[in-house]
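Scroll down for the structure; my scribbles are underneath it.
Everything quoted here is computed from the prediction, not taken from an experiment. The figures here come from the full heavy-atom set of this structure, side chains too, leaving out hydrogens, waters and symmetry mates. Residue numbers start at 1 and run along the sequence shown.
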Amino acid sequence: MNNRFLAAFLLLAAARVTIARLLPITDDESYYWIWSQHLSWGYPDHPPVIAGLIRLSTLPLGDGPMGIRLGALVLSLATGVIVYALGRDMFGPRIGAVAALASQLLPAIAAGGALAVPDAPFMFFWLLTVWLFWRALTAAHRPWWYAAGAALGLTAMSKLFGALLALGLAGFLLATPAYRKWLRRSEPYAAAAIAVAVIAPFVLWNIAEGWPSWTKILQQAPWVRTGHPAVKTLTYVLGQFAYYGPLTAPLLLLALRNGVRRPDAGDPRFALLGWTALPILILSIGLSPSGMPKPHWPAPAYVVAAITATAMWWKSRYLGRLLLAWGGGLNALILGLILLTPWIAPSVANQVTGWDQVTAQVVALATTLPEDPGVFIFSTGYQTASQLTYRLRGAYPVTAAAPNTLLGRIVPLEEFVGWNAVYVDDDREPIEIPIDRMFRAVERLPNVRVVVDGRVVRSLYLYRGIGFLGPAR
């Protein structure tokens with residue numbers, strides 16, 4: 001990687017650190033922080049890698065925003081290094097450098113890499129698996145196969161979509177004559193066995209707990225709630241342009257399409273890139289009429305596609321090279337606007353602020369409740385409950401009414417029968433539980449209002465309950 005690309009790469013890393021320092025902890029990050037305080041081989045929502053990563057990163061820096069996000073920041077930077085290594089090994093160092101920079105300029109990767117969410121380790125281990133797999137094919141040394149198997153297992157232990165990468169790798173071996181011979185050797189099967197061994201604790205945890213992860217998948221709430229399937233698909237497609245760049249998203253998809261249909265489609269490099277990107281893309285698009293897929297689901301496919309697009313167009317086609325350059329420049333502008341959001345669009349930035357105000361008001365109300373036999377705080381979903389848990393640090397027990405969340409499992413509502421409570425929840429959605437039947441006496445209070453610079457930026461429902469009767473059936 002030459003000095004210019006390295007400088008741009010480090011500048012993007014600095015921008016990501018800036019986002020991590022400025023942005024308050026989000027709902028999901030506070031939820032995953034709770035996971036890190038209750039380490040387990042599995043959770044209803046995801047496998048355990050993000051919990052372990054946050055636990056490791058908070059050891060040296062504490063559980064402030066930078067401490068929680070340190071591991072994700074490091075892995076996001078390392079993902080760019082792996083993209084460089086894969087592109088270099090396949091097409092040469094210059095292609096590797098351009099692909100690494102292009103992938104890091106994708107808005108979802110550039111900004112999302114600052115957050116402590118499962119996508120950070122998922123992306124890293126996905127690309128690491130592809131690189132190790134390519135090394136195993138070309139270097140023909142057994143340790144590369146074993147390392148690829150371990151990385152594949154960690155991909156699935158980051159997000160269950162890692163199974164789609166396994167499908168892609170198997171499909172590549174079956175469909176590529178030059179490498180089909182590996183199916184007659186032991187190394188791929190040893191790698192698969194290692195991957196299964198890595199993910200086995202998560203499977204065993206699900207068996208012991210009654211398959212909560214499977215239940216969560218079946219009860220997945222739609223991301224887009226509009227009625228018509230065509231509108232949901234259109235919303236999903238527009239989300240791709242926003243997450244991966246209005247110009248680069250279609251360019252990368254076109255590169256994948258051309259990579260598998262070009263005259264020299266027998267080139268195993270393009271075949272491998274296509275097989276490791278297309279399954280997760282196809283699944284996401286296929287499910288889009290249901291409204292469930294979120295735009296960040298196929299992120300690894302776009303990062304892989306950055307290598308395909310660079311290899312196809314950077315050297316040989318002036319127009320393609322120009323479009324990639326313009327796309328990267330537009331993405332850099334978008335990233336700059338994201339960094340300036342607190343100043344140019346404070347109403348947007350304020351949506352993640354104000355939780356200290358909410359916590360102070362909730363605590364003030366909790367102190368007015370009878371202490372005997374106890375006082376607890378709860379919400380319907382995990383978002384509000386997680387933000388309060390993160391800030392209260394055990395001053396009051398906090399839980400969620402949803403039993404398919406970690407809070408609902410480790411602090412079940414049934415434990416608080418007879419207690420007094422504060423109920424608080426976001427007022428953007430109707431309350432989905434019958435509060436009036438859950439207490440001997442319940443009082444609706446004025447909404448909690450979060451005020452920033454003299455403006456109300458968030459409002460939450462607030463109830464005071466005496467004598468909790470248990471979850472209403």
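Evaluated for a ring pair (Phe, Tyr, Trp, His ring centres under 6.0 Å) with Phe416, the options Phe468, Tyr423, Phe376, Tyr396 yield exactly one hit, Phe376. Exactly one residue among Thr26, Thr389, Asp45 makes a side chain to side chain donor-acceptor pair (under 3.5 Å) with Tyr31. That residue is Asp45. Just one of Tyr243, Phe161, Tyr302 meets the ring pair (Phe, Tyr, Trp, His ring centres under 6.0 Å) condition when paired with Trp297; it is Phe161.
Closest approach of Phe9 and Val81 over heavy atoms only: CZ-N, 3.9 Å.
Enclosure of atom CH2 in Trp41 is not indicated, since only 12 or fewer non-hydrogen atoms of other residues, nucleotides or ligands lie within 6.0 angstrom.
A heavy-atom distance below 4.5 Å is not found between the side chains of Ile95 and Arg88. Between Thr129 and Leu169 the shortest side-chain heavy-atom distance falls below 4.5 Å. Residues Leu152 and Leu132 form no side-chain contact, since every pair of their non-hydrogen atoms from C-beta on lies 4.5 Å or further apart. Contact of the Asp27 side chain with the Trp355 side chain is registered, since non-hydrogen atoms from C-beta on lie closer than 4.5 Å. Val417 places none of its side-chain heavy atoms less than 4.5 Å from the side chain of Leu469. No side-chain heavy atom of Asn404 sits under 4.5 Å from any side-chain heavy atom of Pro212. At a threshold of 4.5 Å between non-hydrogen side-chain atoms, the residues Leu86 and Met90 count as touching. Using a 4.5 Å heavy-atom threshold, the side chains of Pro279 and Ile282 count as separate.
Not one N or O on the side chain of His141 forms a donor-acceptor pair closer than 3.5 Å with the backbone of Pro143. At least one donor-acceptor pair closer than 3.5 Å links the side chain of Thr155 to the backbone N or O of Phe125. Between the side chain of Ser57 and the main chain of Gly67, a donor-acceptor pair closer than 3.5 Å is present. Side chain of Thr58 to main chain of Arg55: a donor-acceptor pair is present (N/O by atom type, distance under 3.5 Å, no hydrogens or angles). Distance alone, capped at 3.5 Å, places no donor-acceptor pair between the Thr176 side chain and the Ala178 backbone. The backbone N or O of Ala400 lies less than 3.5 Å from no partner atom in the side chain of Ser379, so there is not a single donor-acceptor pair. Side-chain atoms of Thr233 do not come within 3.5 Å of backbone N or O of Ala230 as any donor-acceptor pair. Put simply, the side chain of Thr399 never gets that close to the backbone of Phe378: no donor and acceptor are under 3.5 Å apart. Side-chain atoms of Asn206 come within 3.5 Å of backbone N or O of Ser213 as a donor-acceptor pair.
Aromatic pair Trp35/Tyr32: ring centres closer than 6.0 Å. Ring centroids of Trp145 and Phe133 are separated by less than 6.0 Å, placing the two rings close together. For Tyr236 and Phe241, the ring centers are positioned 6.0 Å apart or more.
Below 30°, between 30° and 60°, or above 60°: for Phe91 and Phe270 the angle between ring planes is between 30° and 60°, a tilted geometry. Between Tyr463 and Tyr461, the two ring planes are tilted [angle within 30° to 60°].
Residues satisfying the side chain to side chain donor-acceptor pair (under 3.5 Å) criterion with Tyr43, sequence neighbours excluded, are absent altogether. Remark: Arg180 engages no residue in a salt bridge (charged side-chain N to carboxylate O under 4.0 Å, His left out) (not counting sequence neighbours). Remark: Arg409 pairs with Glu209 by the salt bridge (charged side-chain N to carboxylate O under 4.0 Å, His left out) rule, at least two apart or across chains. For Trp131, the side chain to side chain donor-acceptor pair (under 3.5 Å) partners at least two apart in sequence or on another chain are Asp89. Arg393 meets the salt bridge (charged side-chain N to carboxylate O under 4.0 Å, His left out) test with Asp63; sequence neighbours excluded. Applying the ring pair (Phe, Tyr, Trp, His ring centres under 6.0 Å) criterion to Phe124, with sequence neighbours excluded, gives no partner residue. Taking the salt bridge (charged side-chain N to carboxylate O under 4.0 Å, His left out) definition, one finds that Lys294 meets it with nothing, sequence neighbours left out.
Considering CG of Asp425 and OG1 of Thr380, their distance stands at 4.5 Å, rounded to 0.5 Å. Going from atom CD1 of Ile280 over to atom CG of Leu278 covers 11.0 Å, rounded to the nearest 0.5 Å. In this structure, CG in Leu167 is found 7.0 Å from CH2 in Trp275, a value given to the nearest 0.5 Å.
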When you look at Val231 and Leu234, which way does the side-chain contact (heavy atoms from CB on, under 4.5 Å) test go after all the steps? CA-CA 5 Å; Val231 176; Leu234 178 61; 5.6 Å; no

Run the side chain to side chain donor-acceptor pair (under 3.5 Å) check on Asn331 and Thr248 step by step: do they pass? CA-CA 8 Å; Asn331 290 349; Thr248 49; 3.0 Å; yes

Would Asp426 and Thr384 satisfy side chain to side chain donor-acceptor pair (under 3.5 Å), going step by step from the backbone distance to the final call? CA-CA 7 Å; Asp426 196 319; Thr384 299; 5.6 Å; no

Go through the steps to decide whether Asp28 and Tyr382 satisfy the test side chain to side chain donor-acceptor pair (under 3.5 Å), and finish with yes or no. CA-CA 9 Å; Asp28 284 351; Tyr382 73 89; 2.6 Å; yes

Could you walk me through whether Trp134 and Trp144 pass the ring-ring contact (aromatic ring centres under 6.0 Å, His included) check? CA-CA 9 Å; Trp134 181 250; Trp144 291 109; over 10 Å; no

So Leu281 and Leu253, side-chain contact (heavy atoms from CB on, under 4.5 Å) or not? Walk me through it. CA-CA 9 Å; Leu281 267 173; Leu253 293 174; 3.7 Å; yes

Derivation of the side-chain contact (heavy atoms from CB on, under 4.5 Å) call for Val17 and Met66: CA-CA 8 Å; Val17 170; Met66 281 301 295; 4.3 Å; yes

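Residue pairs satisfying the salt bridge (Lys or Arg N to Asp or Glu O under 4.0 Å) criterion with at least one member in residues 182-192, sequence neighbours excluded, are listed as follows: Arg142-Glu187, Arg185-Glu187. Residue pairs meeting the ring pair (Phe, Tyr, Trp, His ring centres under 6.0 Å) criterion with at least one member in residues 59-79, sequence neighbours excluded, do not occur. Sorted by first and then second residue, the pairs that involve residues 68-82 and meet side-chain hydrogen bond (donor to acceptor under 3.5 Å, both in side chains), not counting sequence neighbours, are Glu29-Arg69. The side-chain hydrogen bond (donor to acceptor under 3.5 Å, both in side chains) contacts involving residues 110-125 comprise Asp119-Lys159, where partners must be two or more places apart or lie in separate chains.
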Which pairs would a plain distance check flag for residues 96-116, meaning a side-chain donor or acceptor within less than 3.5 Å of a matching protein atom at least two apart in sequence or in another chain?
{"residue": "Ser103", "atom": "OG", "partner": "Ala99", "partner atom": "O", "Å": "3.3"}
{"residue": "Ser103", "atom": "OG", "partner": "Ala100", "partner atom": "O", "Å": "2.8"}
{"residue": "Gln104", "atom": "OE1", "partner": "Arg16", "partner atom": "NH1", "Å": "3.3"}
{"residue": "Gln104", "atom": "OE1", "partner": "Arg16", "partner atom": "NH2", "Å": "2.9"}

